[in-house]
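Note sheet for the following structure.
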There are 2 protein chains.
Amino acid sequence: MTTDDHIIFIVDDDERIREALSELLASHGMRAIAFGSAGDYVSADKPDVPACLILDVELPDINGLDLQRQIAAGEHPPIVFITGHGDIPSSVRAIKHGAVDFLTKPFSNTDLMAAIEAAIAQDREERSERADVDVLRQRYLDLTPREREVLPLVVSGLLNKQAAAELGISEVTLEIHRRNVMHKMAAASLADLVRLAERLEIPITHSRRTGGSGA
Amino acid sequence: MTTDDHIIFIVDDDERIREALSELLASHGMRAIAFGSAGDYVSADKPDVPACLILDVELPDINGLDLQRQIAAGEHPPIVFITGHGDIPSSVRAIKHGAVDFLTKPFSNTDLMAAIEAAIAQDREERSERADVDVLRQRYLDLTPREREVLPLVVSGLLNKQAAAELGISEVTLEIHRRNVMHKMAAASLADLVRLAERLEIPITHSRRTGGSGA
DNA sequence: CTTCACCTCATGGATTTCCATGAGGTGCGG
DNA sequence: CCGCACCTCATGGAAATCCATGAGGTGAAG
């Protein structure tokens with residue numbers, strides 16, 4: 001399944017390069033799709049598997065670096081830049097913005113393959129992480145408005161009593177919301193809920209004082 | 001206090017460059033210390049304030065990039081590389097390893113100053129973060145061996161009863177350890193303790209199952 | 001041998017959480 | 001107008017946590 005389990009996108013305006021790369025990748029048992037322009041790549045229907053984008057800096061429509069910035073807004077595969085006329089500021093910018101590598105032609109097959117492997121591995125990681133967080137985010141969306149108010153109070157460490165007071169409702173009602181939150185978020189314990197909330201970047205709104213007014 | 005609140009280290013074997021940079025920085029109200037070699041920099045006594053390291057790639061003793069890798073093991077200020085004969089692979093490697101920028105001579109004062117500002121700001125961030133975590137780490141070191149065994153079980157979400165069973169001790173004893181942990185770690189609540197443990201990268205050893213064998 | 005830190009445990013009560021059952025009110029879409 | 005989702009609340013008991021007091025054992029350092 002080496003072939004189906006990931007894919008390499010090639011964006012280069014030079015037909016010969018596209019073919020050469022395609023063949024090279026095929027010889028390594030990798031599936032590849034080549035595009036002649038940034039626009040073709042962006043508008044194409046791309047399979048949803050771990051991938052790597054081999055991107056030429058000089059393209060007919062827009063600059064490769066600009067394309068990088070454009071797609072940076074959403075999800076996109078790690079980029080390996082290739083270029084015939086690279087300069088240092090471009091390479092710095094590319095790497096700073098997350099590119100896996102920046103290769104100048106002529107580059108060795110070894111270097112390219114290493115970069116691709118790294119990119120695929122990275123994408124696999126990122127996808128896995130994204131998938132996890134997406135599940136959480138979906139659960140969070142299943143919460144009712146009130147439950148979304150209760151969650152931050154609970155993970156702040158407030159007692160039910162305190163959280164209830166904060167919302168101006170009875171402790172009983174808050175307990176019910178709290179339990180619903182635990183169920184809907186599929187948290188096995190409060191500790192778990194706290195970690196889920198962290199990953200969802202739910203802010204801590206209040207923090208319980210150890211020695212309060214009571215007792 | 002612009003002068004004392006941060007410092008710039010310059011490492012370049014060219015005396016003229018060192019002087020020119022020192023003057024430039026002085027004119028911007030920044031304190032700078034210059035070194036003629038990597039060895040001088042490493043062995044020097046450096047003030048403990050937010051800093052930036054302006055590092056020439058070509059040095060008499062060791063390569064700037066190698067120095068970067070060497071000091072990467074410990075704490076060190078963000079690096080801004082400068083070079084007269086830079087190449088793309090070097091710049092890629094430098095940035096990948098965390099350098100703030102990689103400037104080729106001649107570079108504009110504006111570019112350099114921007115890089116330095118960014119580096120200082122970054123160091124300020126990192127130092128603040130490190131200081132926070134150091135406090136936590138110190139508290140963790142104050143824990144007794146047994147308490148260090150209890151902590152991961154507690155933040156895993158185990159009930160006292162379960163954690164006690166895990167350690168083969170009575171629930172009462174575990175409660176005492178647990179309370180001591182809370183006190184020593186200065187955690188205001190369990191939620192707090194979970195977050196502290198996260199920052200200390202304390203692994204979750206067990207995770208409580210919602211509907212267990214009990215009841 | 002004494003001191004000290006550490007680990008161990010019990011009793012017992014106050015507080016909090018967990019959970020089920022039962023029930024009333026509001027607002028919106030069908 | 002009915003159903004449905006949502007928010008609200010009470011009672012009441014089981015379980016768990018929080019906390020204080022009191023106390024015994026071990027091993028290492030002084």
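So you know, we letter chains A, B, ... as the sequences are listed, proteins then strands, and number each from 1. Every heavy atom of this structure was used, including side-chain atoms; hydrogens, water molecules and symmetry mates were not. Owing to the predicted nature of the structure, the values given are computational and were not obtained by experimental measurement.
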Quick check on D:dT17: is either OP1 or OP2 less than 4.0 Å from any side-chain nitrogen or oxygen of B:Asn160?
yes
Separation of D:dT17 atom P from B:Asp192 atom CG, nearest Å, is 18 Å
Measure CD1/B:Ile176 against C1'/D:dA16 and give the value in whole Å, please.
16 Å
OP1 or OP2 of C:dT16 versus the side-chain N and O atoms of A:Lys161: is any pair under 4.0 Å?
yes
Provide, to the nearest angstrom, the distance between the CZ atom belonging to B:Arg148 and the C1' atom belonging to C:dC7.
15 Å
Find out whether B:Ile204 and A:Arg195 are in side-chain contact, i.e. whether some heavy atom of one side chain is under 4.5 Å from a heavy atom of the other.
yes
Taking 4.0 Å as the cut-off, does a side-chain nitrogen or oxygen of A:Thr173 come that near to OP1 or OP2 on D:dT8?
no
Can you say whether the rings of A:Phe35 and A:Tyr41 are parallel (under 30°), tilted (30 to 60°) or perpendicular (over 60°)?
perpendicular
Between A:Lys184 and A:Glu171, name the one whose nearest nucleotide on DNA chain D is closer to the 5' end.
A:Lys184
Atom CG of A:Asn180 to atom C1' of C:dC18: distance rounded to whole Å?
13 Å
Residue of the set A:Val181, A:Val150, A:Leu193 for which side-chain contact (heavy atoms from CB on, under 4.5 Å) holds with A:Val155
A:Leu193
Between B:Arg146 (CZ) and D:dG25 (P), how many Å, whole number?
19 Å
Which one, C:dC6, D:dC6, D:dC9, comes nearest to the side chain of A:Pro145?
D:dC6
From CD of B:Glu147 across to C1' of C:dT8 the rounded distance in Å is 13 Å
Toward the 5' end of DNA chain C, which comes first, B:Ser170 or B:Asp142, by nearest nucleotide?
B:Asp142
Quickly work out the A:Glu149 CD to D:dC7 P distance and round it to whole Å.
9 Å
Starting the side chain at C-beta, find the nucleotide from D:dC7, D:dT17, D:dC9 nearest to B:Leu159.
D:dT17
Do A:Ser156 side-chain atoms and A:Thr205 backbone N/O form a donor-acceptor pair below 3.5 Å?
yes
Contact class for B:Arg179 vs. all strands (heavy atom < 4.0 Å): base, sugar-phosphate, or nothing?
base
Is any side-chain N or O of A:His177 closer than 4.0 Å to OP1 or OP2 of D:dC6?
no
Taking only side-chain N and O atoms of A:Thr144, does any of them lie within less than 4.0 angstrom of OP1 or OP2 on D:dA5?
no
Whole-Å distance separating the CG atom of B:Leu190 from the P atom of C:dC18:
10 Å
Less than 4.0 Å between a side-chain N and a carboxylate O, is that true for A:Arg199 and A:Glu129?
yes
First encountered from the 5' end of DNA chain C, between B:Leu167 and B:Glu175:
B:Leu167
